[in-house]
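Notes follow once the structure below has been shown.
Numbered from 1 within each chain, the chains take letters A, B, ... in sequence-line order. This one's a predicted model, so the numbers in the text were calculated from it and none came from an experiment.
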Amino acid sequence: MSNEVKAHVSLEVKDQITNLLYQEAYFLDNRMYKEWLELLTDDIKYKMPLRETVEGVNIDNISVDSAFYEETKASLRTRVNRLYTKSAWVENPATRQRHFITNVVVEAGDHEDEYKVRSYFLYKRSRGSTTDLEEMFGQRNDVVRNVDGEWKVCSRTIIPDQAVITTMNMSMFL
Amino acid sequence: MSNEVKAHVSLEVKDQITNLLYQEAYFLDNRMYKEWLELLTDDIKYKMPLRETVEGVNIDNISVDSAFYEETKASLRTRVNRLYTKSAWVENPATRQRHFITNVVVEAGDHEDEYKVRSYFLYKRSRGSTTDLEEMFGQRNDVVRNVDGEWKVCSRTIIPDQAVITTMNMSMFL
Amino acid sequence: MSNEVKAHVSLEVKDQITNLLYQEAYFLDNRMYKEWLELLTDDIKYKMPLRETVEGVNIDNISVDSAFYEETKASLRTRVNRLYTKSAWVENPATRQRHFITNVVVEAGDHEDEYKVRSYFLYKRSRGSTTDLEEMFGQRNDVVRNVDGEWKVCSRTIIPDQAVITTMNMSMFL
Amino acid sequence: MIKRELDEKLIQQLKEKMDEGLLPQWVITDPDIYELEKEKVFSKTWQFLAHETELKEPGNYVTRWMVNDPILLVKDSKGEIKAYLNSCTHRGTQLCTADRGKKKTFSCPYHGWSYNLDGKLIGIVAGNKVYGEEMCKDKWGLRKVPRLESYQGMIFGCLDPEAESLEDYLGEMKWYFDMMLGRSDGGMEVIGLPQRWVAKANWKSTAENFAADPYHVQTTHRSTVEMGISPEDPLYAGYGHQVVMKNAHGINVITSKTGRSRTEFQGMPKEMWPMFQRNLSPEQADILERVTVFVGGVYPNLSFVSPVHGTEGHLHNYLNFRVWRPLGPDKVEVWCWFMIDKAAPEEYKADAYRGYLGSFGPTGTLEQDDTETWARIVEVSGASMMRDKELNYNNLSNYLMGFSHVKQDESFPGPGVAYPTTYCDALARRMHEHWLELLTVETSVKEETK
Amino acid sequence: MIKRELDEKLIQQLKEKMDEGLLPQWVITDPDIYELEKEKVFSKTWQFLAHETELKEPGNYVTRWMVNDPILLVKDSKGEIKAYLNSCTHRGTQLCTADRGKKKTFSCPYHGWSYNLDGKLIGIVAGNKVYGEEMCKDKWGLRKVPRLESYQGMIFGCLDPEAESLEDYLGEMKWYFDMMLGRSDGGMEVIGLPQRWVAKANWKSTAENFAADPYHVQTTHRSTVEMGISPEDPLYAGYGHQVVMKNAHGINVITSKTGRSRTEFQGMPKEMWPMFQRNLSPEQADILERVTVFVGGVYPNLSFVSPVHGTEGHLHNYLNFRVWRPLGPDKVEVWCWFMIDKAAPEEYKADAYRGYLGSFGPTGTLEQDDTETWARIVEVSGASMMRDKELNYNNLSNYLMGFSHVKQDESFPGPGVAYPTTYCDALARRMHEHWLELLTVETSVKEETK
Amino acid sequence: MIKRELDEKLIQQLKEKMDEGLLPQWVITDPDIYELEKEKVFSKTWQFLAHETELKEPGNYVTRWMVNDPILLVKDSKGEIKAYLNSCTHRGTQLCTADRGKKKTFSCPYHGWSYNLDGKLIGIVAGNKVYGEEMCKDKWGLRKVPRLESYQGMIFGCLDPEAESLEDYLGEMKWYFDMMLGRSDGGMEVIGLPQRWVAKANWKSTAENFAADPYHVQTTHRSTVEMGISPEDPLYAGYGHQVVMKNAHGINVITSKTGRSRTEFQGMPKEMWPMFQRNLSPEQADILERVTVFVGGVYPNLSFVSPVHGTEGHLHNYLNFRVWRPLGPDKVEVWCWFMIDKAAPEEYKADAYRGYLGSFGPTGTLEQDDTETWARIVEVSGASMMRDKELNYNNLSNYLMGFSHVKQDESFPGPGVAYPTTYCDALARRMHEHWLELLTVETSVKEETK
Ligand code: FES
Ligand code: FES
Ligand code: FES
Ligand SMILES: [Fe+3]
Ligand SMILES: [Fe+3]
Ligand SMILES: [Fe+3]
């Protein structure tokens, strides 16, 4: 996103978009995956590239040829539906998840009903009676769109801050 | 809280209520417990149920019959006063605490001067010269009320994300 | 900062100042150190005292005679320029950093174009292929100033929550 | 494969010092000692698992731990309680990870083997097609905890098939259990789930702190004095009797300077008093009428406290049981149960629960200060001056309170050796002596793995 | 300096139980066993490092790990691949911490010594001025991994200079590698970086789960059945052959009830089929035409799966290799590579990659449920009832599937001992027997450090 | 109870290699070696605790650590400094957890025992009522650190009552301490608290890096060259002398190509120079006038540096002392003190402090790059190819710099063996030889615990 903070996004819009991100987190943290899915447009591009360790100054360390997620609405729906079966063991018993969303910056997008949204995420998870708390963190670059008065995410790129993931799996959405 | 984000809370009110939560955190993190107490109404209901691990899909895992906190203003005052004695060893020398409050969502409440507020908390603590950092996290469901122009918390339910707490004690308020 | 939350800061100003803090974090987390430097006034006072463990109630535990940072714009520029050399090994290969900024409270300052800003920071870092995640957290007391329509930080005091730092070094800016 | 054992020289040294009322400090968090403890203390003694009221109906289950052994406790179709290793017999996968629930069949998420409430292996996916006759289903049921017995609704398990019976193990403590747990018609009931948290502590220190150390109350909990809740008299928690029993169990019957609590029957509702008298022997009823606090423990890692809280008119009593589950030499997972007389009025129960939350458990203001002292012991226990096995540094803990001058009070009506004060290290000494006895019993296992 | 070894008694016990198709559970995460494994399994066997397509041009490098040994793998100026310990010979500093890249010289951030692609020490700052003749540069080049060989583009390293050649080590597995990796002109290529994450698991369990346990599919992955993606028939993953090979390698050739997959050649584009037939022997081509899934492993810690995903018309096949890098008795760093035929259409590759992400790797819905079962094994493995070495508690894992009644299918065309079903523990038994053989080989090292 | 010791074979091997200027790499982070080091190095040698200016008035105290021993350092009523184990003698509870403060009495939060500044047990709650005559108060005062001595205001403690005196232990280093610490009237003073942070490192590496390795400066700190702060000449940190002393202490006196620093007396204010000359011997004054940087260490874990920073006109000098407190084989808690001449102008002190923050300590740009190399050593030190005790992999660190051709410079005026360059491994070799000597001294303790 550009460096100077553009002022021309109204506080109301910003508030509504921020609410969208919080509502998303709430649905995910309360196992309302189907409701979450409704907050994504049908043409959602949901990506999560790998992050690598690279030598040099002023280099990019977001992998362009490897990913954890490269999803469409259809593939996300399959993942979500699975979580409602009786045998998705990774979430049954359900883990306790929390998506802390901070540093939200909103900017005008390429189309007049779209906005670019940058946010930071800190994800925490607790499982069963274990005492080791899992976490993941990084940045999300979204595009949100106003669809008949409802805000929805139409593009999301999740950038993790680790080269080696330390959660025992990545069953979570981010 | 209901799923669609209601628009009819003014940004001013939202700003003031968010400030209330931040001010609370600031008082707690700077050992101003008596000032903190002033931000709670006299009829405050302050609860923290246990969280359990439960089998099944679409189940609730917030315990209905066990708790960590079930406090009134009176019992909170007793706890606060204790922290001003010379022999509340758990906080003397004082630990260094931090309450990160995020994902704040405000909604109209059941009475016209009340609002429902959902927030996430990430609590961190450092003690003496130890190098292991303690943490706890979860969700808070509050009701805040405007009392003669001052915002106060009149109901708080703290939902922890762990079945087994990993802080060496729970001397903190959340 | 004073205890009652002053209302007389406009939401616009607050939004702009919050954006400044987020933009700062974004620059630091994306290794745009020179851009970051531009967000500080030339007379910036950048300090980070030690935090100690002290006995007693109602005592202060922020060290007055020892520090981690006591910087001017000039000394910060030297640190920044160093990070653009080929042999600043601590950041080459670059670590992956994240500054979570929360609990932002803005208040009128001592001069009419200045505001007092309190924020909490949670700093996370991941290095190479290591699986242990480093962190630091605490509070920042800033003064921001409007310089020809641009918001800049003219004073920052960083208060860490640990007496013993657990990051393998403090190469990060906070 | 690495051999761990106490050599003769160290055993002698420990014995000698204990005979003088002293305990070498290196044993508290020594990692080799900890390995020995898991094998020789916790695999041989009875450990508390649950109270019968936690399993109301057939199919109800709770999952518990005996140190590192995951236990599945179920009420079977006949209403009998069974305890199994919570691990699938096929490849060892943890069978059930929920805290509690109700079901008829437990089935494993790995290959689908399923077991009924009797632990019988009742389902093997495609079993008949893939297994031959060497697969004898009956041999692959859930592994039973070798011993499971209960007393006054308190369910205990033991990993040693040869262990003495629970009643023999509890011995004299039964009399006090009868008094605390049997005073009301219908007995006691557990409310909710036990609270669980991980304290920085060694299990020996927490067990001693709770069961054998009323002396700490006057300082650790001095904030209650500062707040005018407890009397100024530093001896206030010392009035009454400390009773030392077989197997290092013990109880402190704390009354007050007058020999009586400021309130009869721990402030339980007056209408319940006749019931207490009916259910108890005259001696037990008399103690119950006069006592302020019962606090004690069943060796090795069950402790309990039955206090009175509140202000006149709003006094509450309850029974708090806790298990100190060791997670390492310097870590304890505390399991904290709230128990109350089934026969008590519902509103009284609710008030007592709130009173409990204010005092004990992780949010209890009394317990909070205990956690600080527990931590301060383990956090310095790595010191060479404390770990030194040659005792060059006088690294001995002091258990001299009441060592020579406090004599048994023969007049005390309850079983066990009673001393006329609770400011007394007699019980703590007994616990540590018993610990050494257990550690130095040669077990066949030990022999053979050498 | 502490001596770790399996005593005769334990070895005998393990042998006896394995002969009955049983494995004592205490070995899974025993910390002393883990130390032995690092020395006797992972320092003696061939481990997968990379695929040739990860190093396209001279100067390309990747950094990898052989358990705790950091490896720097480079393509030198002559186009040859070299493997070095990624550690400066001066004082041991890790030389390169990047995941991959391209350079001509590796120089150390500590004192600036630099090495070329041949591992030669080519630069010592002020060397001539500060070092005398005893400093013989040639003796201080990067330390080579003792053995480095490749087969079908798969690069393996071994820390034992005396080890048999990679081809001998792979033995019969070569025939299956030819089939999976050699079917297409130009072979296979790796896309991107391997995904890496840390699972809660023991490496023996993950290797067994992947290479030798199609039986788990019907339950662990039952959600695919619930969703109508997999058939209801619980035997669906059992049709086909399990092949056990020398050195405990193995493969499962899963077809279907009909003996044929619902699609030929794993749903690869029709236009590629003739190429497959040209590159493969008739037997290999026949298997490839009929197979649904290949899944297996190269001992000790390389596993692979080649499945078919998607719906008619949009079927995709790919090859997933993974290394289980042990980080401890209960931790595995999984390295997960996506491989596809170089000759496949680009769009097909992209679709297959997305199909892979949906099924395997940390975000794969199949693998997610595997991670839960892996964790449930290690999380209870500390139980005394499981750790007990006297087996008083029947703490034995069950490997009886197909133990006596499943006989070799001589008609299977591929090398190795083939059994006519994949619901069979033959391979798992072989893996654990081989593990014990390796652990009990007396090495000179062991001798001398005693 | 587990026996740890270096067997003869390993000792021989280590000796032989060190005689050739080589150090087997397996010793760096070997966990058994670490246990030995705690016992044989850190329980036998003198360790730095504090500077006298940190305890100005009676009642002032600071809490410190000697590896795992918590130390309470107080100035008593007579103004004498005393060092106690910071642990209550009753049950071992840590007595004081504050970093510094002022008080007359230390009382324990567990049972309230209290001690005065002389460590005397002066208060036992209800003592007369609860303890008998076997409780002899005088025997239960705070445990003194066996040895406590100071030189030039530097306070050291030692856990070995039999140790040689601090002055004997420092030996030749006293002459250099006199030069650095005794140059000004009123000596040096510590500003504020020491900075503390946990580095990923082994204490042997950090001690060597700081005290014995100016050679690393040209590469680790090359960014200063890139920025034009340091000269291009890679030898720039090599001019001057490296001095090796008894007990493996040492110092590097770095000047410049010309043999003189670009500024006299390290850029201290001109008005102070006559004072330096008055307080120092002509030889010391001459060195101080010509030196750019002093950097060295007192074995085992105290290092120091006295550099010059800034640009002409704004040059600053200060003295930085640091203790490398081991927290494990791969963890060091660094304690970093800033010291400056009491007699220096206040403004100069403030500027020097800012200069220090820019260079050393966790936020120092020089130290930051050091922390990266320290970490890169321990992070790969688990490699079998480095841990291998048979040295099959040439896993030897190189200490050949100046091994044969650099001869002592007899003309150097200071005590100790001086070499005419600081790019020299003589001191590092001495440190590691001394380490082995200490490790292989048979102690009675060792004997008896066998
Ligand atoms: S492990 Fe439970 S069914 Fe296989
Ligand atoms: S350690 Fe690499 S050059 Fe010295
Ligand atoms: S432990 Fe200090 S008074 Fe008891
Ligand atoms: Fe207590
Ligand atoms: Fe699977
Ligand atoms: Fe350096």
*Out of B:Ser87, B:Ser66, B:Gly56, which one racks up the most heavy-atom pairs below 4.5 Å with chain D?*
B:Ser87

*Heavy-atom distances under 4.5 Å only: say whether D:Arg222 touches chain B with side chain, backbone, both or neither.*
both

*Is D:Lys200 close to B:Asp132 at the side-chain level, that is, under 4.5 Å between some pair of heavy atoms?*
yes

*Where does D:Lys103 contact chain B at under 4.5 Å (heavy atoms): side chain, backbone, both or neither?*
side chain

*Just wondering, do D:Trp197 and B:Gln162 contact through their side chains at under 4.5 Å, heavy atoms?*
no

*Do you know which of B:Ser75, B:Gly128, B:Ala67 has the most heavy-atom pairs with chain D at a distance under 4.5 angstrom?*
B:Ala67

*Which one of D:Lys331, D:Arg376, D:Met227 has the most heavy-atom pairs closer than 4.5 Å to chain B?*
D:Met227

*Hey, are B:Arg127 and D:Glu379 close enough for a salt bridge, meaning a charged N less than 4.0 Å from a carboxylate O?*
yes

*Might you confirm whether atom CD of B:Glu12 has over 12 heavy atoms from other residues, nucleotides or ligands at distances under 6.0 Å?*
yes

*asked:* A side-chain contact here means heavy atoms from C-beta on lying under 4.5 Å apart; do D:Gln368 and B:Arg82 qualify?
replied: yes

_I'd like to check D:Glu372 versus B:Met168 (side-chain heavy atoms, cut-off strictly below 4.5 Å). Are they in contact?_
yes

*Proximal component of D:Glu333, with respect to chain B [non-hydrogen, under 4.5 Å]*: side chain

*Point-to-point distance, once rounded to the nearest 0.5 Å, from CD of B:Glu70 to OH of D:Tyr353*: 6.5 Å

*asked:* Tell me which of these, D:Asp369, D:Val332, D:Thr373, has more heavy-atom pairs under 4.5 Å with chain B than the rest.
replied: D:Asp369

_I'd like to know which of D:Ala98, D:Pro194, D:Ser223, D:Gly101 tops the heavy-atom pair count under 4.5 Å against chain B._
D:Ser223

*Using a 4.5 Å cut-off on heavy atoms from C-beta on, say whether the side chain of D:Glu367 contacts that of B:Asn169.*
no

